[in-house]
Structure formats: C-alpha cells, structure tokens
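Keep in mind that what you see is a predicted model, and the values were worked out from it rather than measured.
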Amino acid sequence: MRHITRRSFNKFLTVLPLAAMRAKAIDVAASRVGLKDAFADCFRIGTAISSPTLRDGNEPLLDLIRREFNAVTPENCMKWARIQPAEDRWNWTLADRYVDFAEQNRMYTVGHNLIWHSQVPPDLFVSNGERVTSEQLKVRMDRHIQTLVDRYKGRIHAWDVVNEAIDDAGGWRRSNWFEILGPEFMERAFRLARDSDPRATLLYNDYNEHNPGKRKFLNELLRDYRKRSVPIDAVGFQGHVALSSPDLSAYERSIEAVAREGFKIHISELDVDVLPRATASADVDRKEAYSTSLDPYANGLPGSVQQQLTDRYIALFEMFVKHRAVIERVTFWGTYDGESWKNDFPIHGRTNHPLLFDRNLNPKPAYRALSSGMRRS
Ligand code: XIL
C-alpha cells in the first residue's frame, strides 16, 4: 500500500500552487462545485457520455456531470457504425443531443472519433462482395469526415481524428485502413479534418503509449508529420490502466517524449481496472471468457482494494499535475461504475469499480482525495 509521506507530499507541493489548490478543495466540499474547479488551474476535467444517457436522459447523472466536469466526449454515438450505419444514411439524433448538451453547459466538446478500425459498419471495406478499392475507400473516408466535421463545425472543439493506428509492438496496425490505403490513410484523415474545420484541435488517440515500441513509433511519426506540416495538434493518451500496471515511470516517459516533440496531450479515456485480467490490451475486439474467480468484487470493493484505487488515482493525478503545462484535459471514460465499459471488457458481465463515482452515483474515497488536493481521508 502506498503512503503519501511528508517527503512525497512536499515534492508534490513544489509542482502545485498549494494555497490555491487547498482553497479550492475547501470550495469543493462547501459549495458543491466540482472536480473541474479543483483542477481549474491545471487542466480541464472531462467525462464520456453514454448513448443510453443521451437516449433516455438521466437527470441525476446529467446534473452530476454539469457540476463535476467541463469537458465531454461521446462514448459511442459518433462512431462510424452508429452515426453512418450504411452508406449515406446518417443517425444524427444522439450526436445532436450530445453537442446541444455540451454547448448549453459551455463544455469543451470532443468528437470521438473519425477513423478507427473498430465499430465500423460490416460492409465499409466491401463493395459488390469484394474488397473496396483504394479509390472507393478514399471517397468513403472523405465523405464521412467532411459530412461529420462540417455538421458540427465551430461547436466541436477537438476531434479524435484517428484512433489506435499503431500496434502494441510499435508498427502500423494491420487494419483495413492501413491494408487498403497504406500509412497515408492517417495523414489524409488529418488534412480532411483540418480543411473541414480549421479551428478544431486535431488529435491522434491511442492506448498503451507507455510501451517503448509504441512510444518510439509515435514520436517518429509526430516528428515526420511536423516536418511535412501534416495538421496534427495533440496526442490523446487513453489511460485505460490497472491498479499496478503500467509502471507510471514508463507512462511519464511517454508524456515527456510527446511534450519534447512540441505536442499537447489530452488524457482522453481514464479509468482504473481493479479486476484480475489476462491481458493489458485495450483492443476492443479482444474478448476473454468469464469465470467467478475473475469477478471477485461482485458484492462490493473490499476496503484494502478501495485504498489501492485511491492511491492509484493520487499517483496518476500527481503525475498529470506535474505535467500540467502540456496536459490540456483529463477525461474519465464514463462517470460512475454502473455504466463503465469495464464491466464488459475484456470479459462480459463482471462487476468492475474503475471510476470516481459508485453505482449509486456517490463519490468514492478516490474522488475525495483528488478534490482535496490529493489528500487521503
Ligand atoms: C468503448 C465503449 O466504451 C464501449 O461501450 C464499446 O462497446 C466499445 O468501445 N478505446 C476507445 C473507445 O477509443 O472508443 C472505446 O470505447 C474504449 C477503448
């Protein structure tokens, strides 16, 4: 178990204007302002909004989101399979609702995502029963990006333009995009997005950036893009981490490496998996079999694990605060445990506890620690 010693706390103080942070912590407790206010001097604090929430409404949850967060991401409703399930057939309802909600509440609004290998319509890469040609696929890509970005032009502040194009070993992921269009698919997407909304911040978003191979490949790519003026502004670190992996020093090296290349960072999908798992991948196509031994906290999180979760969040936020000059936003992948994708990934039907609010929307000890300047209760 990790203790905040006087020495580590003092180290933390050197990187944070303490008085301001403490004063805000008191505000948070007293006046029902939220996490976004506690970190106002550092970065925005965001959350993902699910499709059921957008479809059915959920006032207590939406109220909580308004109070705690000043950035939002749509968890699923803007993904290709959802928003354009068949060629030129668009489903705008939930995405419109999402953007309206964000705008009404003056939130930093993220579009997620334009180009990904996953959650695409089954026939995206097929034409007349055969694999699409590169020319056909370029037309589909261009239309998708132009139509979607143009619809929300000036209202979406940042787009995840390309998601997960690098594999864990540190090369191009062998996706259909790559196989059909070659590595140029990525820069094409960025140029199209820039042309469609020149003022939006354009991100490349991925997981496991702490892997040395991925770090190296990404950095070479960023350097090359800069040299050739490919319009990319920032890198999204998804941040799907577990209680004790990855090692945060490896994570920090990747933050520093991206910062050295001159790019901003958005922590885009943060959550802390507390359950045992066989793989550290966040590849959504990967599924594993259920067993009760892999679902040990179905009746609640034991105090000792709750403490580990709090400690992990403290360590993560100490690192983020230290690098606040380059980190623009820290977004959680969902608001409360009951709605987290981690209940179904990589194993379906487990009870996970990865977020700051529990299944009843009550703040967990990790929330209290973060909102009070990383102090343990
Ligand atoms: C996840 C959603 O949370 C799930 O509801 C969905 O079934 C699969 O996708 N990386 C990403 C996100 O960029 O879009 C993924 O979201 C999680 C991993």
Side-chain angles (χ1 to χ4, degrees), residues 46-59 61-63 65-66 69-127 132 136-164 176-177 185 188-203 205 236 266 268-269 284 329 331 333-335 339 341:
T47 188
I49 306 190
S50 75
S51 291
T53 299
L54 291 165
R55 195 184 49 231
D56 308 331
N58 177 341
E59 267 317 303
L61 176 59
L62 292 171
D63 264 352
I65 291 175
R66 287 185 191 100
F69 302 98
N70 53 13
V72 276
T73 306
E75 185 181 3
N76 284 303
C77 73
M78 278 188 183
K79 291 173 179 171
W80 195 314
R82 303 289 179 93
I83 203 158
Q84 195 195 176
E87 202 163 356
D88 293 329
R89 192 159 67 71
W90 292 83
N91 271 341
W92 297 115
T93 312
L94 297 188
D96 283 356
R97 233 177 253 175
Y98 160 75
V99 175
D100 287 346
F101 173 82
E103 200 167 62
Q104 278 154 17
N105 294 289
R106 295 195 192 81
M107 290 168 161
Y108 188 81
T109 312
V110 180
H112 175 81
N113 53 52
L114 295 173
I115 297 296
W116 192 21
H117 61 278
S118 196
Q119 289 181 275
V120 289
D123 57 355
L124 178 60
F125 302 107
V126 180
S127 176
V132 279
Q136 286 169 324
L137 189 57
K138 279 184 198 164
V139 172
R140 290 179 187 182
M141 175 195 265
D142 295 6
R143 261 207 237 139
H144 185 77
I145 294 180
Q146 285 162 345
T147 309
L148 185 44
V149 175
D150 188 59
R151 183 176 181 93
Y152 301 115
K153 187 174 177 167
R155 302 176 73 199
I156 295 247
H157 301 104
W159 276 103
D160 288 336
V161 177
V162 173
N163 207 29
E164 304 177 353
N176 282 311
W177 292 112
F185 87 87
R188 184 181 189 88
F190 276 97
R191 292 189 200 282
L192 281 160
R194 180 67 97 226
D195 287 348
S196 301
D197 186 352
R199 295 179 60 191
T201 294
L202 304 184
L203 284 106
N205 192 48
H266 293 217
S268 55
E269 307 183 11
V284 294
R329 163 174 69 98
T331 289
W333 203 238
T335 303
E339 230 189 30
W341 77 304

Point to revise | All pairs passing salt bridge (Lys or Arg N to Asp or Glu O under 4.0 Å) where residues 150-159 contributes a residue, at least two apart | key: D96-R151, D100-R155, E103-R155
**Study point:** Results of side chain to side chain contact (heavy atoms under 4.5 Å, CB included) for A189 - residues two or more places apart only
**Key:** I115, M141, I145, V161, V162
Practice item. For this output row, return yes or no: ring centroids of H117 and W80 closer than 6.0 angstrom. Key: no
Point to revise | Residues which pass side chain to side chain contact (heavy atoms under 4.5 Å, CB included) with S51, listed by chain and number, not counting sequence neighbours | key: N76, C77, R82, L94
Review point. Roughly how far apart are E75 CD and E269 CD, rounded to 0.5 Å?
Key: 9.0 Å
Check your understanding: Do the ring planes of W92 and W90 sit parallel (below 30°), tilted (30 to 60°) or perpendicular (above 60°)?
Key -> parallel
Exercise for review: Enter the distance from L114:CG to Q146:CD here, rounded to the nearest 0.5 Å.
Suggested key: 11.5 Å
Exercise for review: Quick one: list whatever passes side chain to side chain donor-acceptor pair (under 3.5 Å) with D142, sequence neighbours left out.
Suggested key: R188
Review point. By side chain to side chain donor-acceptor pair (under 3.5 Å), which residues pair with E339, not counting sequence neighbours?
Key: S50, T53
Check your understanding: Once you round to the nearest 0.5 Å, how far does CG of N176 lie from CZ of F185?
Key -> 10.5 Å
Point to revise | Distance (rounded to the nearest 0.5 Å) between L148 CG and I83 CD1 | key: 5.0 Å
Check your understanding: For E164 and N113, does a side-chain donor sit closer than 3.5 Å to a side-chain acceptor?
Key -> no
Check your understanding: How would you list, by chain and number, every residue that makes a side chain to side chain donor-acceptor pair (under 3.5 Å) with D88, sequence neighbours excluded?
Key -> R143
Review point. To the nearest 0.5 Å, how far apart are CH2 in W116 and CH2 in W177?
Key: 13.5 Å
Study note, to complete from the structure: Between the OG1 atom in T109 and the CH2 atom in W159, the distance rounded to the nearest 0.5 Å is 10.5 Å
